[in-house]
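Here the structure is laid out as structure tokens; the discussion comes afterwards.
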2 protein chains.
Amino acid sequence: MARKQGSHSEITGPKVRDAALKLIARHGYAAVSMRQIAAEVGVQAGALYNYTPDKQSLLQDLMRSHMEELLAAARRELGGGSPLDRLRSFVTFHIRFHLPRVDQVFVAYMELRSLEPEAFAEIEKLRRSYENILQDILTQGEREGIFAIPDARVTTMALIGLMTGMTNWYREGGRLPMAEIEEIYWGLVRKAVAS
Amino acid sequence: MARKQGSHSEITGPKVRDAALKLIARHGYAAVSMRQIAAEVGVQAGALYNYTPDKQSLLQDLMRSHMEELLAAARRELGGGSPLDRLRSFVTFHIRFHLPRVDQVFVAYMELRSLEPEAFAEIEKLRRSYENILQDILTQGEREGIFAIPDARVTTMALIGLMTGMTNWYREGGRLPMAEIEEIYWGLVRKAVAS
DNA sequence: GTCTATATGAGGATAGAC
DNA sequence: GTCTATCCTCATATAGAC
């Protein structure tokens, strides 16, 4: 027989984050109540405050850890080589990192407006660091004459928009396997920047 | 001296929509209260209900009219010609229509989740009609051998993501004039689909 | 660590006076 | 058409028992 009360901090902590992420992605930060999150976890609302000082901190944690994981993974996995190799790596990495994390992506992009100014600035800085990885690749390729890029910053934002937009329509088990979509996207990017 | 009460239906109606759009774009549908909208308009909350039966209908109207204007303008302004001409027209049209309407774009994309199922389906149908205009151009160009496109649907979504993403970072009075950014984007699209 | 109970406030929406 | 006043519900967050 299951006890109704007890200590579960190691289980409940992640469950709170998972539940919050899922619900916020689906309905939006403001639309989700602490009661809903608690119900999803299977506890009462008051219990959540063992894991977060308040609702805003919960959102900040979700967004910060997403961006930090993204940056850490990028720095870990993106190697060297020619600008074309590095661009290919970046496209592949970006897609493979983001596609299994549609909820995180959606929240990280859409709930910026729900952040208080300080947290907003922190997240934006992390995002800018990530964008700069791509921008550096483009700039180097342009210098070497491999790419033809009128403006590295604008092209960076355009390509990130192109790739990230995939999370808006891709659904697992859809018409095309992920590997094929990845190839199509890589083809578009490669041709778009080619000299 | 200004009167405190009176009839202003012709002025107040649009003001309600403008205020709602601005606030929802900034803070999100769920985060904006009818009291906030009323304050922005300069009336009391109760007065809003002369212009909308409820909050949800207000959102639906904003989204529906944005999508209907988009479709109507596209059908009016997009002409014929070669697939390359038509693609160029589409890119230009898309950018020029969306850039001055960042609030509408943001709301139309981000608040889909705040719509009740029926309204959601209606908006999605309108969006799909718009996407199909681009998809038809790509398909025709592929048939004529002008474009090299592995998958028209995926390419459509990728290009729309690329172009619409501009609304996320473009700010009037920024580093580059709009015409130049438009040219950069057109260059990316043209090269990406070139055979 | 979780529960129940509650303080305190804000939300959407309506009623009736002007 | 707008106002004031209000109903009722739901929100976040806290307190204290277990």
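Just so it is clear: chains get the letters A, B, ... in the order the sequence lines come, proteins before strands, and each one is counted from 1. Computed from a predicted structure; not experimentally measured.
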Salt bridge (charged side-chain N to carboxylate O under 4.0 Å, His left out): which pairs involve residues 36-46 of chain A, sequence neighbours left out?
-> Lys22(A)-Glu40(A)
Sequence neighbours excluded, the answer for ring-ring contact (aromatic ring centres under 6.0 Å, His included) partners of Phe106(B) is none
Please collect all side chain to side chain donor-acceptor pair (under 3.5 Å) contacts where either partner lies in residues 185-195 of chain B, sequence neighbours excluded, each pair once.
-> Trp169(B)-Tyr185(B)
Within this structure, what is the OH-to-C1' distance between Tyr51(B) and dC3(D), rounded to whole angstrom?
-> 13 Å
Is the shortest distance from a Lys or Arg side-chain nitrogen in Glu183(B) or Arg88(B) to a carboxylate oxygen in the other one below 4.0 Å?
-> yes
Under 4.0 Å from any atom of DNA chain D, heavy atoms only: list the residues of residues 111-119 of chain A that qualify, in numerical order.
-> none
Contact list (N/O, under 3.5 angstrom) for nucleotides 9-13 of chain C vs protein:
from    : atom 1 : to       : atom 2 : distance (Å)
dG12(C) : OP1    : Val32(B) : O      : 3.4
dG12(C) : OP1    : Met34(B) : N      : 3.3
dG12(C) : OP1    : Lys55(B) : NZ     : 3.1
dG12(C) : OP2    : Met34(B) : N      : 2.7
dG12(C) : N7     : Arg35(B) : NH1    : 2.9
dG12(C) : O6     : Arg35(B) : NH2    : 3.1
dA13(C) : OP2    : Tyr49(B) : OH     : 3.0
dA13(C) : OP2    : Lys55(B) : N      : 3.0

Look at Thr12(B) and dG1(D) and indicate whether a side-chain polar atom (N or O) is within less than 4.0 Å of OP1 or OP2.
-> no
Using whole Å, report how far CG of Leu48(A) lies from P of dT4(C).
-> 13 Å
Val107(A) versus Leu59(A): any side-chain heavy-atom pair under 4.5 Å?
-> yes
So, Glu131(A) versus Gln135(A): side-chain donor-acceptor pair below 3.5 Å or not?
-> no
Measure the distance from CD on Gln44(B) to C1' on dT2(D) and round it to the nearest whole Å.
-> 9 Å
Is it true that a side-chain atom of Arg17(B) and a backbone atom of Gly13(B) form a donor plus acceptor pair closer than 3.5 Å?
-> no
Please identify each residue that fulfils ring-ring contact (aromatic ring centres under 6.0 Å, His included) with Tyr130(B), with sequence neighbours left out.
-> Phe90(B), His94(B)
